[in-house]
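These notes are about the structure you will find just below.
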Amino acid sequence: MDTFIYETLPSRVVFGEGKLETLSQELEKLGAKRALVLSTPNQADIAQALADSLGQRSAGLFSQAAMHTPVNVTEEAVRVAQRLNADALVSFGGGSTIGLGKAIALRTALPQVAIPTTYAGSEMTSILGQTENGIKTTLRHPLVQPKVVIYDVSLTLSLSATVSATSGLNAMAHAVEALYAQDRNPVISLIAEDGIRALAGALPGIAKDPQNRQARSQAQYGAWLCGICLGSAGMALHHKLCHVLGGSFNLPHAETHAVMLAHTAAYNAPNTQNAMTRAAKALDTDDVGAALWQLAKRIGAPTALKDLGMVEADIDKATDIALKNPYWNPRPLTETGIRELIRRAWAGDPPKA
Ligand code: NAD
């Protein structure tokens, strides 16, 4: 067996239908008396109802969370939290809201309860990405990790079939990369394999019927496992490329992951035999790249970067940026290989090793 280091990130996970009701108890366990609820403007109504349900234990609602955690929004939220004497944060929403909670916690050390409503997985990591003056930087810090995570399937029923598909593939990407990560270990590999299996099994059912609670619950379980992978293993080509594409061409986060996953898996397959054997088992296939591409098509996720707004002329630019800052990847990055990968993803062609 290979040598490895295994480290767990401390967090309490409460999983199951109806578990949103335990929020007040969870805050009590944390010793919190005045929690500030966070949301995007889009989810402000339901987040306000949640804040109201906390009664005396609520400090109020801040509903200005935005994609990529802009620092000016965080600074405003910190001022609001201080003015309201908040002693805890409740992040209700997807990666954008959970990112805001993390950014406030980094500056104030307030404990966070995360209540995820997408499959992005940020709640299980100590990673924070923030944007200032158009530049996104990423850091890891223990203060950023939510202390408690409540997964309640009923909160995901309002996610549309399309957003569920892209968010689910975004989650699967964390697990696929964890299987071949430089710092992979046997425990995370077990979690990754089951995360891929759970999501691959659930997403077609959700595409058919977004109200299918059994499929939703399985997807949320898979998203939790994939979030653990993102928090515990280093990421490689897939996440770096998506970062370049999102940051430089303003492409949407989950959709970009959804398009790229099949292509990055296929690119790395020749150098990651053990990882691909496990992913293949989870996907019940003998070709991981092809199976992921078929899955994306089947569940109605986008399969071409051109459909997300990227223009053909940007393929060369993206290749240059992707190769500029070298990073570890199981298969060496060549200019022709990466250019062809991006070109295929741009055009919507099937993946190729
Ligand atoms: P999001 O949080 O931006 O949500 C997208 C939209 O969907 C928002 O308007 C939101 O209010 C809405 N929404 C969320 N849940 C809903 C539901 N159940 N029903 C109806 N509408 C709902 O999207 P996301 O993909 O979850 O998060 C993306 C962001 O998270 C990116 O900025 C990304 O960088 C970050 N992220 C960070 C980490 C990390 O570990 N730091 C991990 C994953 C993602």
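Start at 1 with the first residue, then count along the sequence. Numbering of ligands and ligand atoms starts at 1, following listing order.
Considering only non-hydrogen protein atoms, atom 44 (C) of ligand 1 sits nearest to His253 NE2, 3.7 Å. Nearest protein neighbour of atom 43 (C) of ligand 1, counting heavy atoms only, is Ala120 O, 3.4 Å. When hydrogens are left out, the protein atom nearest atom 11 (O) of ligand 1 is Thr40 OG1, 2.6 Å; that is the closest non-hydrogen contact. Protein heavy atom nearest atom 7 (O) of ligand 1, with residue, atom name and distance: Asn42 ND2, 4.3 Å. Taking atom 41 (N) of ligand 1 as the reference point, the nearest protein heavy-atom neighbour is Ile127 O, 2.9 Å. Protein heavy atom in closest approach to atom 4 (O) of ligand 1: Thr118 CG2, 4.5 Å.
A donor-acceptor pair shorter than 3.5 Å can be found between the side chains of Asp52 and Gln48. Side-chain contact of Asn170 with Tyr119: a donor-acceptor pair under 3.5 Å is absent, judged by distance alone. Side chain to side chain, Thr40 and Asn42 fail the donor-acceptor criterion of an N or O pair below 3.5 Å. The closest side-chain donor-acceptor pair between Lys317 and Ser248, if any, does not fall under 3.5 angstrom.
Shown in contact with Lys102 at under 4.0 Å from a heavy atom are these atoms of ligand 1, numbered in order with element: 39 (C), 40 (O), 41 (N). Ligand 1 places these atoms under 4.0 Å from at least one heavy atom of Gly94: 2 (O), 26 (O). Under a 4.0 Å criterion applied to the non-hydrogen atoms of Leu230, ligand 1 contributes the atoms 40 (O), 42 (C). Residue-ligand proximity, Leu155 to ligand 1, at heavy-atom distances under 4.0 Å covers atoms 18 (N).
Here Glu26 pairs with Arg12 in a salt bridge; the nearest charged N to carboxylate O distance falls below 4.0 Å. For Glu28 and Arg57, the salt-bridge test passes: some basic side-chain N is under 4.0 Å from an acidic carboxylate O.
The option with the heavy atom closest to atom 13 (N) of ligand 1, from among Gln43, Lys136, His68, Met124, is Gln43. The closest heavy-atom contact to atom 29 (C) of ligand 1, among the options Gly227, Ser158, Gly95, Gly93, comes from Gly95. In this structure, of Leu159, Thr166, Thr125, the residue bringing a heavy atom nearest to atom 40 (O) of ligand 1 is Thr125. Residue Ser96 holds the heavy atom nearest to atom 2 (O) of ligand 1 of all those in Ser96, Cys242, Ser122, Gly121.
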*Show your reasoning for whether ring pair (Phe, Tyr, Trp, His ring centres under 6.0 Å) applies to His239 and His257.*
CA-CA 8 Å; His239 283 75; His257 277 267; 5.2 Å; yes
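Taken from OH in Tyr267 to CD1 in Ile342, the straight-line distance is 10.5 Å, to the nearest 0.5 Å.
For the pair Arg343 and Thr319, the minimum side-chain heavy-atom distance is 4.5 Å or more.
Contacts with ligand 1 closer than 4.0 Å are made by heavy atoms of both the backbone and the side chain of Thr117.
Note on Val73: it clusters hydrophobically with Leu36, by side-chain heavy-atom contacts below 4.5 Å among ILVMFWY residues.
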